[in-house]
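Numbers for residues simply follow the sequence, beginning at 1. All values below were derived from every heavy atom in this structure, side-chain atoms included, with hydrogens, water molecules and symmetry-related copies excluded.
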Amino acid sequence: MTDRPRRARRVQLSTPGSSEKMIQKAAESKADHVFLDLEDAVAPSQKREARKKIVEGLKSLDWGRKTRCVRINDLTTEYAFEDIIEVVEGAGEHLDTIMMTKVLTPADVLFADKLLHQLERKLKLKRRIGLEALIEEVEGMQNVDAIAACTPRLECLVFGMGDFSASMGVTNKNVGDSDGYPGDIWHYARFRLVMACRAAGIDPVDGPFADFRSPDAYREECRRSMILGCVGKWAIHPAQIDIALDVYSPKKEDVERARRLEKAYAEAEAKGLGAINVDGIMVDVASIRILRNTVLNKADLFGM
């Protein structure tokens with residue numbers, strides 16, 4: 001299997017796997033994608049019990065069209081391999097993706113790839129479980145191109161600016177905040193991750209913004225990453241969901257304009273024309289490619 005499924009990732013809602021109440025609320029939310037967390041949001045004493053709660057939630061709740069994901073502990077811990085085994089054996093077809101943390105090299109992703117392959121064979125699963133990887137260490141960012149291209153099972157990379165700040169020695173008070181830096185403090189890291197993802201044909205996703213009581217600041221971070229090519233951003237609180245959905249969705253008028261230009265160019269191309277004038281704007285094959293990648297593909301995915 002080499003074809004990756006197309007999934008909406010406008011907003012990835014972080015949900016503690018130790019809380020049945022929050023798992024249920026996540027299932028009822030408007031988020032495209034929910035990841036049930038076994039890592040930072042769960043105390044070490046609760047991690048094994050949280051696996052059971054996650055499996056039960058995945059199997060018993062109505063998740064609609066959401067991508068159902070579980071974030072495991074990083075590979076330096078004692079938990080990671082059992083996180084994968086217990087969740088996959090328990091949830092099976094009710095699980096879409098596994099999110100890996102603190103990925104440093106392709107070998108980290110390939111470990112999970114091989115383990116999932118064996119579990120799928122054992123359980124006779126009909127559908128491949130995807131992988132998502134957090135780039136949140138300096139070493140991971142240095143290896144981001146190789147990581148992005150290492151296996152067809154990998155579906156997206158996420159820029160985890162929280163741990164990345166610690167790894168780099170960046171001075172900021174809140175995760176995802178610029179703390180007065182003149183400009184976009186995350187521009188280079190986001191740009192590098194997006195480029196690696198696009199070259200490999202996978203989704204780039206922006207990470208968390210901790211101050212959920214600052215909606216305008218969160219919206220601006222969404223806007224910046226969207227312009228660079230990210231398909232979505234994390235929500236660490238339900239209050240951030242609507243903002244991410246709005247920013248990463250093309251506007252209705254933009255979709256209508258893009259479809260009009262695409263139709264006009266197709267008609268012109270059939271007549272042997274390579275470029276045309278539509279409402280004072282030159283439209284050629286490059287214009288249509290931009291519209292297809294930035295507006296129309298999204299509109300098709302989101303049912304617009």
Side chain Asp74, main chain Thr101, donor-acceptor under 3.5 Å: no

Lys233 side chain reached by Gln240 side chain, heavy atoms, under 4.5 Å: no

Student check: side-chain heavy atoms of Leu245 and Asp32 closer than 4.5 Å: yes

Pairwise ring-ring contact (aromatic ring centres under 6.0 Å, His included) hits with a residue in residues 260-289, at least two apart: none

Which side-chain N or O atoms in residues 49-62 pair as donor and acceptor under 3.5 Å with protein atoms at least two apart or in another chain?
from	atom 1	to	atom 2	distance (Å)
Arg51	NE	Asp83	OD1	2.7
Arg51	NH1	Glu86	OE2	3.0
Arg51	NH2	Tyr79	O	3.3
Arg51	NH2	Asp83	OD1	3.0
Lys53	NZ	Ser18	O	3.0
Ser60	OG	Glu56	O	2.7
Asp62	OD1	Gly64	N	3.0

Atom of Val205, atom of Cys230 and distance for their closest heavy-atom approach: C-SG, 4.3 Å

Side-chain ion pair, Arg223 and Glu220, N-O less than 4.0 Å: yes

side-chain contact (heavy atoms from CB on, under 4.5 Å) between Leu291 and Glu262, intermediate numbers included: CA-CA 8 Å; Leu291 291 173; Glu262 184 181 50; 5.9 Å; no

Residues, nucleotides or ligands: over 12 heavy atoms within 6.0 Å of Lys25 NZ: no

N/O donor-acceptor pair under 3.5 Å between Thr15 side chain and Met22 backbone: no

Test item: Arg68 side-chain N/O and His94 main-chain N/O as donor-acceptor pair under 3.5 Å: yes

In one Ile/Leu/Val/Met/Phe/Trp/Tyr side-chain cluster, 4.5 Å: Val88, Met99: no

Shortest non-hydrogen contact from Thr67 toward Thr97: CG2-OG1, 4.1 Å

Arg128/Asp113 ion pair, N-O < 4.0 Å: no

Atom CZ of Phe302 with >12 non-hydrogen neighbours under 6.0 angstrom: yes

Presence of salt bridge, Asp108 and Lys102, under 4.0 angstrom: no

Residues which pass salt bridge (charged side-chain N to carboxylate O under 4.0 Å, His left out) with Glu267, listed by chain and number, not counting sequence neighbours: none

Check ion pair Arg224-Glu221 (N to O, under 4.0 angstrom): yes

N-O pairing of Arg127 and Asp96 below 4.0 Å: yes

Gln12 side-chain N/O to Phe35 backbone N/O, donor-acceptor pair under 3.5 Å: no

Intermediate values then yes/no, side-chain hydrogen bond (donor to acceptor under 3.5 Å, both in side chains), Ser249 and Arg10: CA-CA 7 Å; Ser249 299; Arg10 291 170 293 183; 2.8 Å; yes

Euclidean distance, Leu157 CG relative to Ile135 CD1, rounded to 0.5 Å: 5.0 Å

Side-chain donor or acceptor of Asp37 paired with backbone N/O of Ala41 under 3.5 Å: yes

Gap separating the CG atom of Asp184 from the OG atom of Ser225, nearest 0.5 angstrom: 9.0 Å

salt_bridge(Glu155, Arg4) N-O dist < 4.0 Å: no

Which residues share a ring pair (Phe, Tyr, Trp, His ring centres under 6.0 Å) with His237, sequence neighbours left out: Phe212

Note: Glu253-Arg257 ion pair, threshold 4.0 Å (strictly below): no

Heavy-atom pair with the smallest gap, counting every atom of Ile72 and Ile98: CG2-CG2, 3.9 Å

hydrophobic_cluster_shared for Val144 and Ile185, side chain cutoff 4.5 Å: yes

CG on Asp163 to CG on Leu134, rounded to 0.5 Å: 8.5 Å

Side-chain heavy atoms of Asp206 within contact of Cys222, under 4.5 Å: no

Spacing of Phe111 atom CZ and Leu116 atom CG [to the nearest 0.5 Å]: 9.5 Å

Criterion side-chain contact (heavy atoms from CB on, under 4.5 Å) on Trp186 and Val170, from CA distance to verdict: CA-CA 10 Å; Trp186 308 121; Val170 172; 4.2 Å; yes

Backbone N/O of Leu38 and side chain of Lys47: donor-acceptor pair under 3.5 Å: yes

Under 3.5 Å: donor-acceptor pair, side chain of Lys66, backbone of Ser29: yes

Separation of Ser14 OG from Arg71 CZ (nearest 0.5 Å): 6.0 Å

Backbone of Arg292 reached by a side-chain donor or acceptor of Asn297 within 3.5 Å: yes

In one Ile/Leu/Val/Met/Phe/Trp/Tyr side-chain cluster, 4.5 Å: Leu36, Val42: no

Verdict with reasoning, Ser287 to Asp284, per side-chain hydrogen bond (donor to acceptor under 3.5 Å, both in side chains): CA-CA 5 Å; Ser287 309; Asp284 60 9; 2.9 Å; yes

Derivation and outcome, salt bridge (Lys or Arg N to Asp or Glu O under 4.0 Å), residues Lys126 and Glu93: CA-CA 8 Å; Lys126 298 178 181 179; Glu93 299 285 350; over 6 Å; no

Pairwise distance CG(Asn293) to CZ(Arg198) - rounded to 0.5 angstrom: 7.5 Å

Counterpart residues, ring pair (Phe, Tyr, Trp, His ring centres under 6.0 Å), relative to Tyr218 (two or more places apart): none

Minimum heavy-atom distance between Ala200 and Ala148, given as atom pair plus value: CB-O, 3.3 Å

SB check Arg6 Asp203 (cutoff 4.0 Å): no

Cluster check Trp63, Ile129: I/L/V/M/F/W/Y, side chain < 4.5 angstrom: yes

Intermediate values then yes/no, side-chain contact (heavy atoms from CB on, under 4.5 Å), Gln142 and Arg192: CA-CA 9 Å; Gln142 289 288 73; Arg192 187 168 181 185; 3.0 Å; yes

Any pair counted as salt bridge (charged side-chain N to carboxylate O under 4.0 Å, His left out), so long as it reaches residues 131-148, sequence neighbours left out: Arg9-Glu132

Side-chain touch Lys263/Arg259, heavy atoms, less than 4.5 angstrom: no

Minimal non-hydrogen separation, Lys298 against Tyr248, with atom names: CD-O, 4.2 Å

Stepwise side-chain contact (heavy atoms from CB on, under 4.5 Å) test for His187 and Leu228: CA-CA 8 Å; His187 175 80; Leu228 284 178; 3.7 Å; yes

Co-membership, hydrophobic cluster, residues Met100 and Leu110, 4.5 Å side-chain: no

